[in-house]
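The next block holds one structure in the form of structure tokens; read it before the comments.
In listed order, ligands and their atoms are each counted from 1. Given the structure is predicted, the values throughout are model-derived calculations rather than measurements.
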Amino acid sequence: MPDMDTIVSLCKRRGFVFQGSEIYGGIGGFWDYGPLGCELKRNIRDAWWKAVVRARDDVVGVDASIIMHPRVWEASGHVGGFQDPMLDCRACKKRFRADQLCEDQGQKLGKTPDGNGYVLPPGVQCSACGSTDLTEPRAFNLMFESNTGPVKDDASRVYLRPETAQGIFTNFLNVLDTTRVKVPFGIAQIGKAFRNEINPRNYTFRSREFEQMELEFFIKPGTDAQWHEYWVRERMAWYTTIGLPAHRLHQYVYPNEELAHYASACVDVMYDFPFGRQELEGIAARGDFDLSRHAEFSGKKMEYFDPETNEKFVPHVVEPSAGVDRIALAVLCEAYGEEWVPKGDAGAARPAEPGAARPPEGYEARTVMRFTPNVAPIKAAVFPLLKNKPELVERARSLYDELKKVGAVFYDQTGAIGRRYRRQDEAGTPFGLTVDFQTLEDDTVTWRERDSMRQTRIPAAEAAGKLRDAIG
Ligand code: GAP
């Protein structure tokens with residue numbers, strides 16, 4: 001597994017991720033995705049939507065607005081309780097999330113007996129300057145505030161949503177009224193969420209603006225455990241389809257004392273990042289908490305009428321909630337490889353020896369991003385062998401135009417063919433197609449596979465179909 005500096009530098013060099021507002025010195029906790037990064041994220045979203053919505057007949061989608069009625073966040077508990085403990089270092093004035101600062105030093109932030117305050121264990125130091133002169137931890141609400149309309153006062157206060165889930169609950173009745181869904185069924189949403197994190201850290205892992213993919217799966221009360229287990233299995237399996245191997249995926253099963261009072265179960269899907277094992281997704285059995293709270297606060301009955309039993313009930317919900325940016329970061333870390341390859345790609349690659357100044361005689365180094373074809377930002381690259389032979393260029397361009405209908409394809413005629421392969425290896429492009437002099441005779445092209453570097457000759461007419469099959 002590469003270290004984070006390697007990943008950050010590749011992401012910047014190749015245009016996966018840039019610092020937000022970089023020309024103004026950046027802004028903490030906000031990131032921009034470049035040409036390769038935004039394709040990667042789009043493919044991750046598409047893979048999720050395909051698995052969770054399109055491939056099923058019991059889930060539909062919504063796309064709710066980011067700013068919602070402020071009462072939504074009172075009902076959801078975010079106005080009163082969506083807070084992290086924060087403290088300041090009096091010596092260097094740095095601000096920290098108190099629980100993380102304690103954890104980083106092998107300690108645990110305590111709670112006051114009434115449960116409303118925090119107790120800092122003795123000896124905890126500022127991680128920036130080492131001082132122990134720290135303020136008492138205090139609660140800090142993570143929601144970003146704004147105002148609607150021209151007057152800034154309490155009545156116009158609104159929030160940028162800290163999760164997409166509430167846009168699903170508030171549309172529960174609309175979906176029931178406008179579709180033929182029957183419990184058990186789900187409503188899915190992908191979209192931006194905002195949290196004013198005290199310490200954004202680990203690159204894009206903890207950001208202040210990020211994207212969530214959330215499903216609320218509405219079920220009959222009493223079937224919670226079975227549906228929760230089902231969704232844990234489904235979600236764990238999905239991660240392997242986007243290239244995260246089972247041996248780096250783990251489950252954190254919440255013990256009872258860590259569960260919210262309304263939840264009957266919660267499992268986090270964890271991935272072994274270079275900075276440790278961390279959460280990608282939470283899957284919670286939340287009972288009827290959310291629908292009942294919205295019923296209480298809105299005065300609308302959030303019930304389902306079961307036509308088979310003639311019963312009315314408030315459905316329970318199982319919520320798989322994943323972060324696109326964290327998954328993209330995991331996919332980037334997993335894909336990264338450094339190898340020594342025989343010059344001219346003639347033979348098998350060897351893993352690069354860590355710390356070696358250069359590869360052995362006859363070998364060159366390559367960085368390769370081994371994305372699975374379904375999430376790879378560019379699916380294939382098309383190369384004319386030489387750029388100064390118009391007949392090669394013309395055939396390569398027409399092949400490129402044809403393949404563009406299948407997915408994101410790159411055309412490159414600049415530099416030696418070996419260099420062009422290397423550039424695409426580093427971008428993670430799984431396939432390369434070269435138009436050469438034989439193409440002009442029999443209309444075959446070479447089809448190169450990124451990982452094995454194996455080249456085969458295939459009829460150009462078969463290229464689009466082969467690519468479509470590989471992308472899935
Ligand atoms: N509706 C439930 C909910 O929002 P969460 O555990 O707070 O649960 C779900 O968030 C997922 O959203 C996390 O597993 C993570 O992938 C992503 N996420 C949460 N906060 C994030 C942050 N500050 N930066 C990036 N992703 C975040």
Specify side chain, backbone, both or neither for [X], according to which of its non-hydrogen atoms lie closer than 4.0 Å to ligand 1.
X: Glu319; answer: side chain
X: Ile327; answer: neither
X: Arg206; answer: both

### Query
Between Arg366 and Glu338, is there a salt bridge with N-O shorter than 4.0 Å?
no
### Message
Any salt bridge linking Glu39 with Arg42? Criterion: basic side-chain nitrogen under 4.0 Å from a carboxylate oxygen.
### Response
no
Fit a plane to each ring of [X] and [Y], take the angle between them on a 0 to 90° scale, and name the class: parallel (under 30°), tilted (30 to 60°) or perpendicular (over 60°).
X: Phe218; Y: Phe185; answer: tilted
X: Trp227; Y: Tyr230; answer: perpendicular
X: Phe289; Y: Tyr262; answer: parallel

[X] N/O to ligand 1 N/O under 3.5 Å:
X: Glu214; answer: yes
X: Phe205; answer: yes
X: Gly323; answer: yes

Return the residue, atom name and 0.1 Å-rounded distance of the protein heavy atom closest to [atom].
atom: atom 18 (N) of ligand 1; result: Phe210 CE1, 3.5 Å
atom: atom 24 (N) of ligand 1; result: Ser207 N, 3.0 Å
atom: atom 14 (O) of ligand 1; result: Glu279 OE2, 2.5 Å
atom: atom 11 (C) of ligand 1; result: Ser321 O, 3.7 Å
atom: atom 15 (C) of ligand 1; result: Arg326 NH1, 3.5 Å
atom: atom 5 (P) of ligand 1; result: Arg195 NH2, 3.8 Å
atom: atom 10 (O) of ligand 1; result: Gln212 NE2, 3.3 Å

Residues [X] and [Y]: side-chain donor-acceptor under 3.5 angstrom:
X: Tyr33; Y: Glu211; answer: no
X: Thr112; Y: Asp114; answer: yes
X: His78; Y: Gln166; answer: no

### Task
Provide the number and element of each atom of ligand 1 under 4.0 Å from a heavy atom of Glu281.
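Going through ligand 1 atom by atom, the ones under 4.0 Å from Glu281 are 14 (O).
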### Message
Using a 4.0 Å cut-off to any heavy atom of Glu163, which atoms of ligand 1 qualify?
### Response
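So the answer, numbered in order with elements, is 1 (N), 2 (C), 3 (C), 4 (O).
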### Where Ile168 and Glu214 come nearest, the two heavy atoms and their spacing
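Here Ile168 and Glu214 meet closest at CD1-O, 3.7 Å.
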### Query
Heavy-atom contact under 4.0 Å between Leu280 and ligand 1?
yes
### Query
Would you say the side-chain atoms of Gln19 pair up with the backbone N or O of Trp31, donor to acceptor, closer than 3.5 Å?
no
